[in-house]
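Structure record follows, encoded as structure tokens.
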Amino acid sequence: MNKLLEIKDLHASIGGKEILKGVNLVINEGEVHAIMGPNGAGKSTLSAVLTGNPAYEVTSGEVYLKGQDLLAMPAEVRALAGVFLSFQYPVEIPGVSMTNFMRAALNAKREYEGKEPISPKEFLSLMREKKKLLELPDKLNNRSVNEGFSGGEKKKNEIFQMAMLEPCLSILDETDSGLDIDALRIVAEGVNRLKTPENASIVITHYQRLLDYIVPDFVHVLADGKIVKTGDKSLALELEEKGYEGLNL
Amino acid sequence: MVNIKSGETFERVFLNEPEVNLHIVQEAGSHVKIHVLNMPSKQAEGSNLQTILNEITIEQAGEGCETEIYALAYLHDHESVTTETHVTHAVGGGTSNQLVKFVLADQSRGRFVGDLKIAPDAQKTDAHQTNRNLLLSEEAEMRTQPQLEIYADDVKATHGASTGQLDESALFYMQQRGIDKQKARQLLVNAFMVDVLQTIGDEELKERLLHSIDGVVE
């Protein structure tokens, strides 16, 4: 099994306050890892640090993606190397159409891979195919990125972009929050259909519910900036039943 | 001074003119639509323009006139543009709509003076003035001076002015999708300018300008 991501003793802070206090994690190709934990444990900080959000500072530790120093890469290069974040709060970008946005993203990736820009015809048919996967409306193309989207549409739009860009490592940051049961099913099915033996996912969630749909190989409990417990999917059920306090951490 | 006769339409686009000095008197039911665009291309670099003054004076002398003023300046280096609008509603039933935008990079400077008068007799006037500015550098500077004088009581008049910077969270969102920062900035700047260009009536010119801003790179 090939190692995809390796996090070694990662410490990170925001505004001088330490949030991650020594995270260690290895993710192999083909695996789904769930990260659960109480509010303020550092779940979203972990996703922000892995994707290069400039608001956070890595104070020590190392992260490797396929053996390459991930922390040395600018945010966009991490994305091009295959790290994708489904944002907890997708950003609205008035005036930038989904078409222009997606084309810029896709062509950046193709350029990185030494390929020619995608032809307009191919691009549109790819958009159509992936929209269908997420049951998104046709009129999406001309709408501004996330502007005026409902909560469910925003999350579907994240997974749609994931489908377009085919990352090797997707981080789903509370993708289930704000979703009704139908949208949850569509989003989860989308994620499952994008799964391959070569890629992997980190699923950050508060609730076991999502893990009924996206079944994890491992469940980690993040508390106070560290992974304090690791188990299989039954750990999520145990958490649901007993709460974090019941774990005797 | 230009007189626009009753019921006539006057439509002009001033594109990269070194100066615009326009004084228009509108007769009843006439329609004026003006675009003032200062978007010097990067190729003009070295030509070192430039302090530009745009001065637009409109008097609605007859009833039921319609006035639209759109101004857009996208400036670099030490370029400086002042746009002044003086709109007077002398009689009633008229509408005026102004949208003025500046995008300021490097050490460029922008200034907008928006002078709007609604005379005591100009009842049922509907007047709107909006000024939005985007600063792309710490050294760029914008000054906005709206001046509204409203002497009639049965009117609708709004004005708004704001100056801001590119949205950092939008930049990061785009970078997270693999778009480099320069391209991301360009997409946001273009998005900011699009609504002004979309109001241009000349379809060919509109398409050309919309197409051209895809190539404007910081």
Side-chain angles (χ1 to χ4, degrees), chain A residues 47-48 50-56 73-113 142 144-147 154 157-158 160-167 169-171 173, chain B residues 37 39 70 72 74 99-103 130-136 138 160 162-200 206-207 209-218:
Chain A
S47 65
L50 292 178
T51 51
N53 188 322
Y56 294 83
M73 301 177 193
E76 64 269 24
V77 179
R78 299 182 195 197
L80 295 171
V83 179
F84 180 93
L85 173 62
S86 169
F87 283 67
Q88 185 180 0
Y89 304 107
V91 181
E92 299 193 3
I93 314 178
V96 176
S97 69
M98 275 304 296
T99 301
N100 281 348
F101 172 67
M102 241 22 268
R103 192 189 288 124
L106 199 61
N107 280 336
K109 179 177 139 83
R110 290 174 68 103
E111 193 186 333
Y112 182 78
E113 292 168 352
N142 296 320
S144 293
V145 178
N146 291 323
E147 193 185 32
K154 280 183 181 169
N157 191 26
E158 294 294 286
F160 163 72
Q161 293 171 45
M162 179 177 149
M164 290 290 290
L165 297 171
E166 300 179 330
L169 178 69
S170 351
I171 305 168
D173 190 358
Chain B
L37 308 173
M39 309 164 64
Y70 302 97
L72 173 65
Y74 182 13
L99 178 61
V100 176
K101 287 189 159 188
F102 283 81
V103 182
T130 306
N131 172 223
R132 301 265 177 264
N133 313 300
L134 187 56
L135 300 181
L136 301 181
E138 303 261 319
S162 67
T163 297
Q165 290 158 337
L166 290 177
D167 178 355
E168 287 294 329
S169 59
L171 285 175
F172 178 68
Y173 189 78
M174 290 196 262
Q175 284 177 277
Q176 213 304 302
R177 300 302 186 244
I179 301 169
D180 68 51
K181 205 163 186 176
Q182 179 177 307
K183 174 78 177 168
R185 284 167 66 95
Q186 184 195 314
L187 284 169
L188 290 181
V189 168
N190 292 350
F192 181 81
M193 301 196 291
V194 153
D195 61 347
V196 173
L197 299 181
Q198 273 170 344
T199 57
I200 295 172
K206 176 166 82 179
E207 289 306 315
L209 290 173
L210 284 171
H211 187 72
S212 81
I213 57 171
D214 265 331
V216 179
V217 183
E218 278 308 303

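This structure is a prediction, so every number in the text was calculated from the model and none was measured. Naming convention: chains lettered A, B, ... in sequence-line order (proteins, then strands); numbering from 1 in each chain.
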| said: What I want to find out is whether A:Lys154 reaches A:Glu158 closely enough, with some N-O distance under 4.0 Å, to be called a salt bridge. | reply: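 Salt bridge absent between A:Lys154 and A:Glu158.
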
| said: If the condition is ring-ring contact (aromatic ring centres under 6.0 Å, His included), which residues does B:Tyr173 pass it with, not counting sequence neighbours? | reply: A:Phe87, A:Phe101

| Are any of the side-chain heavy atoms of A:Met102 and A:Val145 separated by less than 4.5 Å? | no

| query | If you measure only the distance, is there a donor-acceptor pair under 3.5 Å linking the side chains of A:Thr51 and A:Asn53? | reply |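 Side chains of A:Thr51 and A:Asn53: no pair found under 3.5 Å.
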
Region of [X] in contact with chain B, defined by heavy-atom distances below 4.5 Å:
X: A:Leu85; answer: both
X: A:Asn146; answer: side chain
X: A:Pro94; answer: backbone
X: A:Val77; answer: neither

| field | Greatest number of heavy atom pairs closer than 4.5 Å to chain A - which of B:Leu188, B:Val194, B:Ile179 | value |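 Top option by heavy-atom pairs under 4.5 Å: B:Ile179.
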
| task | Only counting residues at least two apart or in another chain, list the ones meeting salt bridge (Lys or Arg N to Asp or Glu O under 4.0 Å) with A:Glu76. | result |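 If we apply the salt bridge (Lys or Arg N to Asp or Glu O under 4.0 Å) test to A:Glu76, skipping adjacent residues, there are no hits.
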
